[in-house]
Colleague: 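Provided herewith is a single structure, encoded as structure tokens, for subsequent inquiry.
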Amino acid sequence: MSAASEPLLRIERLSVRLPKGADRAHAVRALELEAHANEILCIVGESGSGKSMAANAIMRLLPPGVRVESGRILFEGRDLLSVSEAEMREIRGGRIAMVFQEPMTALNPLRTIGDQIGEMFRIHTRLGRREIEARVLALLEEVRIPDPAASARAYPHELSGGQRQRAMIAMALALEPRVLIADEPTTALDVTTQAQILALIRDLQRRNGMAVLFITHDFGVVAEIADRVAVMQNGELVEEGPVRELLEAPRHPYTRQLLAAVPSLVPPAPKPVADAPALTVKDLTKVFRTGGFLGRGVRVTRALDRVSLSLPKGATLGIVGESGSGKSTMARCIVRLLDPDEGTIRIGDVDVTAMSKRELRAERRRVQMVFQDPFASLNPRRRAGDLVAQGPIAHGTPRKEALAKARELFALVGLDPASVDRYPHEFSGGQRQRIGLARALALEPEILVADEPVSALDVSVQAQVLQLLADLKSRLGLSMLFVTHDLRVAAQICDLVAVMHDGRVVETGPAATVFTEPRHEYTRALIDAIPGRRWSERIAAGEVSPAALAEVAPSEPRRRGIP
């Protein structure tokens, strides 16, 4: 093998041991991987497969109680597991950089973006203040953040999710690393922002000749940017190969299972919907005013601008759009967690916007909500059964009867009724979302408002939760408002779709019509931005062929380190 083909990073028989009491002994077991210059290696698998733990082992950032049991991680001829902490500090950030999944938790909320990027130069170089400031602005411009000077002065909360992720990428690229590790950097982003971040990473990788380890559970992302793919399950590498080979002819059953779980953008055949509305929203308006002093400099955001919608009885209406389009604000107004400024919300024939708090309390049980993050919406100090039972108890149901009903609901959503005595942290992400569903169903609502309920779940768990929602809706006769930025999910579960942009509904109609014959240019832009769109359609239909994959492959071939 020539020197040019030597990998930049080689993982040899790496095993990472978990603390006693964990579900299994090893987070990573006998892992063998190579990362080459001028190449993007996607590491794919569900939560718990060991993807992120392997990345943290490379950076020597394993959580307390977790340790490397055996193996080597070779970078530029050195074993990263045996170098001193001082040497590792020089490598970390300078030669190997990492972009984390959630920039809001990775960035310091008390320091400006420019200060945090500049820290890379202050620690690793001897540059002066002015030169550091110039380099920070150049980096922010390189990652295409609008108004780099203002963004450098901003704090993390003052930037959008996509801008924060770009700032994290700028920080990672500050010292021109040879290896970039991107850990689920686009999971919670809407499709247009996701497409921009993927294009940015691919462009920077080509220009800088880096090796990129891109960790993801989204095969659409894999089809969009990968050169090679490694599939992990329960800490072990089960399959590896060039992206076309793996997507066209996966060998391992687990890989085939993951591919089969990818939702298609092609909607199923439309079903008839009722004429009678379960929910009617007319001219709904909500304005937020923030900042300012003595009436000066007040920032006005029109989150909802005269929105009108109708949800037929027994149907699912999908609300899609980018972050900031007003989707979640509308959902919260409908369940009256927020009070609208204007407009009406009718549940059947009842106008809930005109009700007092006392009247609303009795009516509120008719509409219940499933939140995006079940871990944040479930009280960690209360048992799961108590969380499900608290709604009926608040409405007068005796505690013993409410807990018995909680056990029935656990069984209904596919959980073990005996687990009602466990706390939220003792469940997986998919199980916590099922608890959220059980809690919403406890009051026997007519309408279920689901706000991004599967956005953070693995594709296989996502498929299970979506199937569960469809089954429950059919069995219980529910009407559902489904808020999502994932158009593939909306295509599979929704009867009707409303597309929101800047607080307005720009297009609405049957899902089959909106996704196959979009009228509005914004709807077309959303559909075009879906990563691996054409590939995912063919995967779900079982029609993948070399010709189909050629359509989604980049038009410009990428150089690879392997001859």
Colleague: Does some side-chain heavy atom of E236 sit less than 4.5 Å from a side-chain heavy atom of L31?
Modeller: no
Colleague: Looking at CD1 of I11 and CZ of R72, how far apart are the two atoms once the value is rounded to the nearest 0.5 Å?
Modeller: 12.5 Å
Colleague: Quick one: do D203 and R207 make a salt bridge, cutoff under 4.0 Å?
Modeller: yes
Colleague: Nearest 0.5 angstrom please: I145 CD1 to I113 CD1, how far?
Modeller: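 I145 atom CD1 to I113 atom CD1 measures 7.0 Å (nearest 0.5 Å).
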Colleague: Does D79 use its side chain to pair, donor to acceptor, with the backbone of L81 at less than 3.5 Å?
Modeller: yes
Colleague: If we only count heavy atoms from C-beta on, is the V44 to M232 side-chain gap below 4.5 Å?
Modeller: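 No, every pair of side-chain atoms sits at 4.5 Å or beyond.
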Colleague: Under 4.0 Å between a side-chain nitrogen and a carboxylate oxygen: does that hold for R60 and E85?
Modeller: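 Looking at E85 together with R60, the answer is yes, because their closest N to O distance falls below 4.0 Å.
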Colleague: Could you walk me through whether R111 and E119 pass the salt bridge (Lys or Arg N to Asp or Glu O under 4.0 Å) test, one step at a time?
Modeller: CA-CA 11 Å; R111 296 172 60 190; E119 186 177 38; 3.5 Å; yes
Colleague: Would you check if there is a donor-acceptor pair between the side chains of E322 and Y522 at a distance under 3.5 Å?
Modeller: yes
Colleague: Quick one, R166 and Q196 - any side-chain contact, counting heavy atoms below 4.5 Å?
Modeller: yes
Colleague: Between the side chains of Q233 and S49, does any donor sit under 3.5 Å from an acceptor?
Modeller: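 The criterion, which ignores hydrogens and geometry beyond distance, is not satisfied for S49 and Q233.
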Colleague: For the pair R122 and D115, find out whether any cationic side-chain nitrogen is under 4.0 Å from an anionic carboxylate oxygen.
Modeller: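 Yes.
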Colleague: Would you say E39's side chain and H36's backbone share a donor-acceptor pair under 3.5 angstrom?
Modeller: yes
Colleague: Counting N and O atoms only, with roles assigned by atom type, does the side chain of R24 sit under 3.5 Å from a partner on the main chain of H26, one being a donor and the other an acceptor?
Modeller: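 A pair under 3.5 Å: yes.
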Colleague: Return the CD1 to CD1 distance between I225 and I40, rounded to the nearest 0.5 Å.
Modeller: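 Reported to 0.5 Å precision, the distance equals 4.5 Å.
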Colleague: Keeping K51 on the side-chain end and I43 on the backbone end, is there a donor-acceptor pair under 3.5 Å?
Modeller: no
Colleague: Do R251 and E245 meet the salt-bridge criterion of a basic N to acidic O distance under 4.0 Å?
Modeller: yes
Colleague: Should the pair E87-R78 be classified as a salt bridge under the 4.0 Å nitrogen-to-oxygen rule?
Modeller: yes
Colleague: Over all heavy atoms of both residues, which pair between N38 and D227 is shortest? Give the atoms and the distance, please.
Modeller: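 It is O-OD2, 4.2 Å.
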Colleague: Nearest 0.5 angstrom please: L317 CG to M480 CE, how far?
Modeller: 10.0 Å
Colleague: If only atom types and distance count, is the side chain of T516 paired as donor or acceptor with the main-chain N or O of A512 below 3.5 Å?
Modeller: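 Judged by distance alone, yes, a pair lies under 3.5 Å.
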Colleague: Is the closest basic N to carboxylate O distance between E34 and R228 below 4.0 Å?
Modeller: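 So E34 does not pair with R228 through a salt bridge.
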Colleague: CG/L469 to CZ/F482 distance, rounded to the nearest 0.5 angstrom?
Modeller: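 Answer rounded to 0.5 Å: 6.5 Å.
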Colleague: Does R92, at its CZ atom, have more than 12 non-hydrogen atoms belonging to other residues, nucleotides or ligands within less than 6.0 Å?
Modeller: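 Yes, the 6.0 Å shell around CZ holds more than 12 heavy atoms from other groups.
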Colleague: Without swapping roles, check the side chain of Q205 against the backbone of V212 for a donor-acceptor pair under 3.5 Å.
Modeller: no
Colleague: More than 12 heavy atoms of other residues, nucleotides or ligands under 6.0 Å from CD of E141: yes or no?
Modeller: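 Result for CD/E141: open.
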Colleague: Judged by atom type as modelled, is there a donor-acceptor pair below 3.5 Å linking the side chain of T484 to the main-chain atoms of V320?
Modeller: no
Colleague: Just checking E32: does its CD atom have more than 12 heavy atoms from other residues, nucleotides or ligands closer to it than 6.0 angstrom?
Modeller: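 Yes, the 6.0 Å shell around CD holds more than 12 heavy atoms from other groups.
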Colleague: Tell me whether the count of non-hydrogen atoms from other residues, nucleotides or ligands lying under 6.0 Å of CZ in R13 goes above 12.
Modeller: no
Colleague: side-chain contact (heavy atoms from CB on, under 4.5 Å) for E239 and L246? Distances and angles first, verdict last.
Modeller: CA-CA 8 Å; E239 186 166 358; L246 189 136; 3.9 Å; yes
Colleague: Any ion pair linking E142 and R135 (charged N to carboxylate O, less than 4.0 Å)?
Modeller: no
Colleague: For residues L139 and F121, determine if any side-chain heavy atom of one lies less than 4.5 Å from a side-chain heavy atom of the other.
Modeller: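 When only atoms from C-beta onward are counted, F121 and L139 do touch, with a gap below 4.5 Å.
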Colleague: Between CD1 of I132 and CE of M120, what distance do you get to the nearest 0.5 Å?
Modeller: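 Going from CD1 on I132 over to CE on M120, the span is 11.5 Å.
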Colleague: Determine the sole option in E521, R524, M500, R519 for which the side-chain contact (heavy atoms from CB on, under 4.5 Å) test with E507 is passed.
Modeller: R519
Colleague: Taking the side chain as every heavy atom from C-beta outward, state whether L259 and R256 have any atom pair closer than 4.5 Å.
Modeller: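 They are not in contact (no side-chain heavy atoms under 4.5 Å apart), so the answer is no.
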Colleague: Answer yes when D218 and R488 have at least one side-chain N-carboxylate O distance shorter than 4.0 Å, and no when they do not.
Modeller: yes
